[in-house]
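The block underneath contains the structure these notes are about, expressed in structure tokens.
We count ligands from 1, going down the list as the structure has it; atoms in each ligand are counted the same way.
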Amino acid sequence: MVSTAASLPVSTHDDAALELPDGSHRERVPVLIFEHPAQMARQVARRIANLIEERQAVGKNVVLGLPTGSTPIGVYEELVRMHREQGLDFSNVITFNLDEYYPMKPDSLQSYHRFMHEHFFDHVNIPKENIHIPRGDLPREEVEAYCLQYEHAITKAGGLDLVLLGIGRSGHIGFNEPGSGPETRTRLVVLDEITRKDAASDFFGEENVPREAITMGVGTILDAREIILMATGEHKASIVRRAVEEEPNRRVTASFLQRHRDATFYVDRAAAGELTRIKTPWLVREVTWTPELAKRAVIWLSEKLGKAILHLEAADFYRNHLQGLVHAYGNVDDLCRQVFEDLRRRIRYPESLPRKERIIVFSPHPDDDVISMGGMLDKLVRNENEVTVAYMTNGSVAVFDADVRRMLRFVEMSLPALGFNDEAGREAFRKTKERYLRFLKNKKPGEVDLEPIQQLKAYIRYAEAVAAIEVMGLDERHARFLDMPFYKTGTVRKAPIGEADVQVVLELLREIRPSHVFVAGDLSDPHGTHRMCYRAIQLALERYNQPADLPDGEAKDAPQNGTASKGKKKEKAGPSRPAAERPLVWLYRGAWQEWEIDKTDIFIPLSKADLDRKIEAIFKHESQKDRAMFPGAYDEREFWERAKDRNRETAAALNRLGLPEFYAAEAFVTTYEMP
Ligand code: F6R
């Protein structure tokens, strides 16, 4: 089946991904696109299970190459489930992991040994002697011989039957960073800057990330009989496109998989977002022109030619593969006017924003609110809305030790001025302070902070958050610190979203009964916290909108769209909270990316004064200023600079399309059902 670009070519009803016929894409290797990462994980797990069982049937072993990282966790979970519930037997499985940091003790928090045991090996029956993970604890002079031995062990086991891979934003597979060629074998490598920055949060700071790693080579991987590379999330979209659409090259080592006769990319919809067949499908095949797709194409054409939408002419469409669009619409001028007007209507001034309503702004970390929607927040307050800003996590892992030292000294010096003159009390404080300072001094790289120090770090961020919303005219009564349970593991690796997390959000919804909620929709933050927060709100809202959550007798029939609705989003059938009481969800994006112009539902223009106030609020997050702990790779800009650049760029993009020349603008997507 060939689906149109409007209904994206992804699987929706079962776990199968849809493939397009030849010539309808630019991909040089098979790519399967899945609607949800969970479907993808199930499909990959099933492939592995089949292989294990096929081999068992003929009394043979199966040799797997395995990755770590965030991507394969769903597959490991599914395999563990199959083992528990369906008795999937792993006794004929031999595994070789792709890589390990160097140096790295196997029991360290960040070690891949530990990762594999926690996520997989401890829960299935792979014989211990069949498990191989590169050792990161050998003396340097032994590493070379050890790597050779690792290769021999793979050969001796019969070679790799199936290698599972993730892909780094540097394009690496295993830790084969840019420059690695198809001839490379297991060896010690130096990590790329982007890889170390992406790992910074796991190590409590980039400076703690090892500079080297041991990895299977590209050649080792290519020798496998079958290869599956998995990628999820928007942050992987551009590297996935390069890996599958560019010719094989050393800048993107994953591109060498194109040379393998049985390599397949499994990607979710977000990671597929930059593929030509998804982003600009008209370049590679006939499409059915829906209004959304037509709009996207007109904006694309206008941007490509650097011509305002209302300046476009028929010849521009013909010369750029859009003859089908001209044919479908007949009149290019009408089409351009429709798109222009559609965009113009999405620009909202304060008088058409919520007024005197109850609003919750969910902020994953204690600065996303002002970084991502400081301009909007300001306008909501001026419109006399009752705004509650709910900080979902405390952000303590991103606070430098130096800030804790400074605060401890500040408190000690301040005690007498605050009237705490009791000598014994001050002495007790001094002792505690010394103990914490000693701990910080002796702390090893990547070591978890003592519980009270984690708390102090959280309070540093909370105090900053209040100072920031004060710039907008709010105060501490408007701030809620939800301290969601999933975040409180003390390490950077977070627990999955659980019932307790959903409850925290649900209780707030029930208490405030908001008509609007603002939610971070930028799901590509480096440590995944935004994704988790999004999920918790999504689950809580589903329940909040369902009858079980309504007081007796309140359940009504299927709702009409509420007054605030644009009426375009699908409503679920069946009884639920009356439409007028269901909050409209505003998705904002933050430091890491912005909504595309064609996807944006509402643009909020900001004047220079508006933007200055927003920046002033961002400045209050002092612990994240000058040098943030997790700035993300290849971007030295501070958060306020990114916010400023992004908002100014949104305004400039609108202007290039022929819309007014705003100084800056924020962008939002609105929906009643979080996708
Ligand atoms: C890890 C590995 C790496 C990761 C890649 C993606 O064993 O081999 O290549 O697969 O860095 O990591 P995640 O999945 O965390 O995005």
* Asked: Is there side-chain contact between M532 and M484, with heavy atoms separated by less than 4.5 Å?
  -> no
Fit a plane to each ring of Y150 and Y146, take the angle between them on a 0 to 90° scale, and name the class: parallel (under 30°), tilted (30 to 60°) or perpendicular (over 60°). tilted
the protein heavy atom lying closest to atom 10 (O) of ligand 1 turns out to be G166 CA, 3.3 Å
Salt bridge present between E177 and R251 (N-O < 4.0 angstrom):
no
With heavy atoms and a 4.0 Å threshold, my read on which part of T68 contacts ligand 1 is both
> Salt-bridged, R185 to D223, with N to O below 4.0 Å?
Replying inline: yes
For atom 16 (O) of ligand 1, the closest protein heavy atom turns out to be K236 NZ, 2.5 Å
In terms of side-chain geometry, is the basic nitrogen of R225 or D161 positioned less than 4.0 Å from the acidic oxygen of its partner? yes
Would you please classify the geometry between the F115 ring and the H119 ring as parallel, tilted or perpendicular, with 30° and 60° separating the classes?
-> tilted
The option among L98, I239, D99 carrying the non-hydrogen atom nearest to atom 7 (O) of ligand 1 is D99
Under 4.0 Å from one or more heavy atoms of P67, ligand 1 contributes atoms 7 (O)
Checking heavy atoms under 4.0 Å, the part of I167 that sits near ligand 1 is backbone
Report task. Run the contact test for R169 against ligand 1 with a 4.0 Å cut-off on heavy atoms, strictly below, and give the result. Result -> no
Taking only non-hydrogen atoms of G69 and a 4.0 Å limit, the atoms of ligand 1 in range are 14 (O), 15 (O)
Within 4.0 Å of some non-hydrogen atom of T71, the atoms of ligand 1 are 13 (P), 14 (O), 16 (O)
Among P72, G168, G174, A254, closest by heavy atom to atom 9 (O) of ligand 1 is G174
**Message:** Do the side chains of E274 and K236 get close enough for a salt bridge, i.e. N-O under 4.0 angstrom?
**Reply:** no
heavy-atom search around atom 15 (O) of ligand 1 in the protein gives S70 N, 2.8 Å
Across all chains, not counting sequence neighbours, the side-chain contact (heavy atoms from CB on, under 4.5 Å) partners of H83 are F90, V124, N125
Under 4.0 Å from one or more heavy atoms of H172, ligand 1 contributes atoms 3 (C), 5 (C), 9 (O), 11 (O)
